[in-house]
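Before any comments, here is the structure.
Below, read A as the first sequence line, B as the second, and so on, with proteins coming before strands; counting in each chain starts at 1. Note that the structure is predicted; figures quoted are calculated from it, not measured.
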Amino acid sequence: MSVTLPRHASCRHPCPCYKHHPKLGSTAMTVRTRFAPSPTGLLHIGGARTALFNYLFARHHGGEFLLRIEDTDRERSTAAATQVILDGLAWLGLKTDAPPVFQSTRQVRHAEVAHQMLAAGRAFKCFLTAAELDGLREQARAAGRGMRIDSPWRDRDPAEAPTGAPFAIRLRAPREGETVVDDLVQGQVRVANAELDDMIILRSDGSPTYQHAVVVDDHDMGITHVIRGDDHFTNTFRQVQVYAAMGWEMPRFGHVPLIHGADGAKLSKRHGAQSVTDFRDMGYLPEALCNYLLRLGWGHGDAEILSREQAIALFDIDGVGRAPSRMDYAKLAHVNGVWIRAADNERLTDEVLHFLADRPGLALGPDAAGRIRALMPQLKERAKTLVELADAASFLVHPLPLPMAPKATALLSAENRLMLREVAAALATTDFSPAALDTTLRAYGERTGRKLGTVAQPLRAALTGSTTSPGIEAVLVALGRDEALVRIEAAVA
RNA sequence: GACCCCUUCGUCUAGUGGUUAGGACACCAGCCUUUCACGCUGGUAACACGGGUUCGAGCCCCGUAGGGGUCGCCA
């Protein structure tokens with residue numbers, strides 16, 4: 001099954017590039033990848049990374065990226081759940097090259113292939129009942145042979161079965177030898193066929209099992225590279241046997257290690273955020289999440305901050321590591337901060353308005369956007385998430401009286417309130433430009449023998465209700481003269 | 001339990017037999033400064049352990065330990 005591929009000098013693994021594929025030549029084959037989630041109601045962060053890797057791999061090689069919804073379990077699958085995946089991929093900016101394929105629509109084809117295998121003797125009818133199955137599993141466990149079971153119907157005449165008895169179709173897997181997978185990430189791995197049992201490909205109700213459907217669909221969709229989570233690795237050996245049984249050409253496999261929680265344990269509910277929706281709501285930018293996810297499990301020298309274009313140019317499967325990695329929220333926050341600073345002010349203003357819209361007690365009037373936009377260049381320098389950005393901007397759109405932080409209240413002493421009256425007077429006749437304001441404030445400080453900080457901090461408290469904010473001149477400009485004077489007046493009253 | 005995979009600073013990683021083991025995040029110190037950030041400078045910090053092979057091993061081999069995955073008529 002394995003094809004020996006040449007190596008790039010820079011590739012750790014046999015190069016999967018179609019350009020170097022000995023059998024396919026430079027034009028015969030286009031790279032085609034797919035992301036195949038089951039619609040369970042959320043787009044998992046691990047799934048998001050898998051989708052990203054598939055997308056980048058396809059783009060890097062000039063190929064296609066497809067989506068297949070594995071909705072054969074109709075109890076868990078809903079249109080809403082599918083929409084969550086579609087929305088998530090759209091938010092991440094992972095565009096597919098074709099409409100999604102719904103696995104549930106392909107059951108006839110899956111059954112057809114199963115029956116072809118039956119007719120060819122590569123599969124057999126198994127009449128085992130659930131109770132018999134349990135007994136065999138119990139035996140297998142007792143014998144210390146793992147959980148694999150052997151169906152007696154592999155070598156029994158189906159005619160011996162009770163007439164009309166329901167049956168499942170099992171793959172007639174080889175008993176001798178071994179099955180080899182030449183994985184793009186994990187390397188060459190082999191398993192003795194004696195370890196693999198005859199998996200069911202078609203259930204007794206005629207529906208296909210996942211293991212069978214994936215193979216049929218990947219083959220029919222012309223998938224050349226199956227890049228997926230490492231949790232599918234063991235399954236691959238049985239899937240490979242289906243390809244072999246049908247005489248189909250094998251895709252290349254690349255199993256990406258899983259993402260663990262910050263504590264190193266498997267990602268689960270108790271780890272909180274797992275869905276890309278959660279990350280969006282926590283104020284992460286899609287390009288930042290993608291950038292972070294890209295670097296989780298993949299590396300290319302010292303590259304850290306990468307745009308989508310750069311990622312496409314640099315990404316290849318040989319840069320994917322083999323060890324699982326942990327979620328690191330501190331680093332995610334840092335990366336997000338970098339992308340926030342790089343983001344367009346107008347876009348960030350819209351985002352902040354969106355986050356602020358959910359908060360009570362704010363005055364999101366006609367001048368709200370203008371104030372936020374005016375201060376955005378300074379605001380975005382000090383935020384790591386859009387939530388923080390919204391927090392830092394909220395004072396701009398808060399009606400009077402301003403909520404006062406204790407430290408801010410402390411700054412508004414009687415003495416400082418007298419000072420602020422003088423400052424307000426100076427401000428009343430100052431042009432509201434950063435340079436002019438700076439000059440005025442410094443001049444006032446010099447005239448009254450005060451250090452700039454002792455002037456700026458009380459002013460900051462009066463204007464923002466806080467002791468931290470962007471530069472005071474920028475705050476004044478964003479608020480505008482009228483609002484600034486009103487706020488000072490309110491603070492000194 | 002069986003089978004499979006993994007193991008470089010706390011975290012993400014670079015490293016393909018000869019390196020002062022590099023970068024990033026976090027952390028610490030300093031600079032900048034009207035606050036908070038940003039930025040800049042410097043610092044602490046890693047080859048899981050034990051055997052081999054080799055003149056020489058983070059890199060190759062074998063064990064051990066730890067972690068993970070899979071064993072369904074779920075996907």
Side-chain angles (χ1 to χ4, degrees), chain A residues 12 36-40 70-73 75-77 103 126 128 130 133 137 140-149 166-170 181 183 185-187 189-192 194-197 199-205 207-211 213-214 229-237 255 257-258 260 262 264-266 292 295-305 321-335 337 341 378-384 392 407 411 438 441-442 445 451-457 459-461 464 466-473:
Chain A
R12 186 195 306 158
S38 53
T40 56
E70 312 244 306
D71 57 348
T72 51
D73 183 344
E75 284 187 14
R76 281 200 292 167
S77 303
Q103 192 162 61
C126 175
L128 248 26
L133 234 26
R137 259 191 273 280
R141 192 200 336 256
R145 307 256 313 139
M147 300 299 195
R148 57 173 288 264
I149 56 126
F167 62 88
I169 298 180
R170 283 182 186 272
V181 171
D183 194 84
V185 175
Q186 305 294 342
V189 182
R190 44 190 68 220
V191 165
E195 299 292 336
L196 275 15
D197 58 10
M199 70 162 176
I200 289 176
I201 55 178
L202 208 66
R203 299 187 188 100
S204 49
D205 68 357
S207 67
T209 60
Y210 162 80
Q211 301 289 359
V214 190
D230 198 28
D231 50 338
H232 290 283
F233 198 104
T234 314
N235 295 331
T236 308
F237 295 96
H255 288 91
L258 304 180
H260 292 163
K266 187 182 176 184
Y292 174 74
R295 287 287 292 107
L296 206 54
W298 175 86
H300 189 274
D302 288 342
E304 293 283 352
I305 301 300
R322 285 169 299 182
S325 43
R326 301 186 185 202
M327 200 60 201
D328 182 349
Y329 288 92
K331 182 145 185 179
L332 204 211
H334 171 262
V335 173
R341 274 172 258 144
Q378 286 76 30
L379 286 170
K380 70 182 182 182
E381 287 294 321
R382 52 211 87 204
K384 292 199 189 311
K407 285 182 180 176
L411 280 168
D438 183 72
L441 257 20
R442 286 180 190 283
K451 293 183 66 175
L452 194 49
T454 63
V455 179
Q457 278 303 85
L459 182 55
R460 172 170 282 117
T464 72
S466 161
T467 54
T468 64
S469 82
I472 202 68
E473 300 85 1

TODO: Take nucleotides 31-48 of chain B nucleotide by nucleotide from the 5' end and write B, S or -, depending on whether a protein heavy atom sits under 4.0 Å from the base, only from the sugar-phosphate, or from neither.
DONE: ---BBBBSS---------
Does a side-chain N or O from [X] land closer than 4.0 Å to OP1 or OP2 of [N], or not?
X: A:T72; N: B:rA75; result: yes
X: A:R322; N: B:rG69; result: no
X: A:R203; N: B:rA75; result: yes
X: A:R137; N: B:rG72; result: yes

Open item on the list: I'd like to check the side-chain contact (heavy atoms from CB on, under 4.5 Å) partners of A:L133; sequence neighbours left out, ordered by chain and number.
Closed with: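 Once residues adjacent in sequence are excluded, the partners of A:L133 under the side-chain contact (heavy atoms from CB on, under 4.5 Å) criterion are A:L128, A:R137, A:I149, A:R170.
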Say you pick atom [atom1] in [N] and the same atom in [M]; how far apart are they, in whole Å?
N: B:rC60; M: B:rG18; atom1: P; result: 12 Å
N: B:rC47; M: B:rG22; atom1: C1'; result: 13 Å
N: B:rU8; M: B:rG42; atom1: C1'; result: 24 Å
N: B:rC55; M: B:rC9; atom1: C1'; result: 30 Å
N: B:rG43; M: B:rA24; atom1: P; result: 12 Å
N: B:rU19; M: B:rU11; atom1: C1'; result: 24 Å
N: B:rG63; M: B:rU7; atom1: C1'; result: 15 Å
N: B:rG66; M: B:rG72; atom1: C1'; result: 29 Å

Open item on the list: Suppose we call a contact any N or O donor and acceptor under 3.5 Å apart; does that hold for the side chain of A:T234 and the base of B:rC4?
Closed with: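 Per atom types, no contact qualifies.
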Could you check whether [X] gets within reach of a base, just the sugar-phosphate, or nothing at all, counting any heavy atom under 4.0 Å?
X: A:L128; result: base
X: A:L202; result: nothing
X: A:E70; result: sugar-phosphate

Task: Side-chain donor-acceptor pair present, A:T464, A:R460, cut-off under 3.5 Å - done: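 There is no such pair between these side chains.
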Open item on the list: Is the shortest side-chain heavy-atom distance between A:Q186 and A:D230 below 4.5 Å?
Closed with: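 They are in side-chain contact.
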Task: Contact check, side chains of A:E304 and A:K331, non-hydrogen atoms, under 4.5 Å - done: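 The answer is yes; the side chains approach within 4.5 Å.
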TODO: To the nearest 0.5 Å, tell me how far A:L379 CG sits from A:R341 CZ.
DONE: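 Going from the CG atom of A:L379 to the CZ atom of A:R341 covers 13.5 Å.
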TODO: Please state how far atom CZ in A:R326 lies from atom P in B:rC6, giving the value in whole angstrom units.
DONE: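 Rounded to whole Å, this separation is 18 Å.
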- [ ] Give a yes or no answer on whether the side chain of A:D231 reaches the backbone of A:L258 with a donor-acceptor pair at less than 3.5 Å.
- [x]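 Flag not set: sc A:D231 to bb A:L258 has no pair under 3.5 Å.
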Open item on the list: Looking at A:Y292 and A:A333, would you say the former's side chain and the latter's main chain have a donor-acceptor pair under 3.5 Å?
Closed with: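 Pair absent, no side-chain N/O of A:Y292 close to backbone of A:A333.
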Task: Aromatic ring pairing A:W298/A:H300, orientation class (parallel under 30°, perpendicular over 60°, tilted between) - done: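 The rings of A:W298 and A:H300 lie parallel, inter-plane angle below 30°.
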Could I get a table of every N or O pair under 3.5 Å where one atom is in the protein and the other is in nucleotides 58-60 of chain B?
none

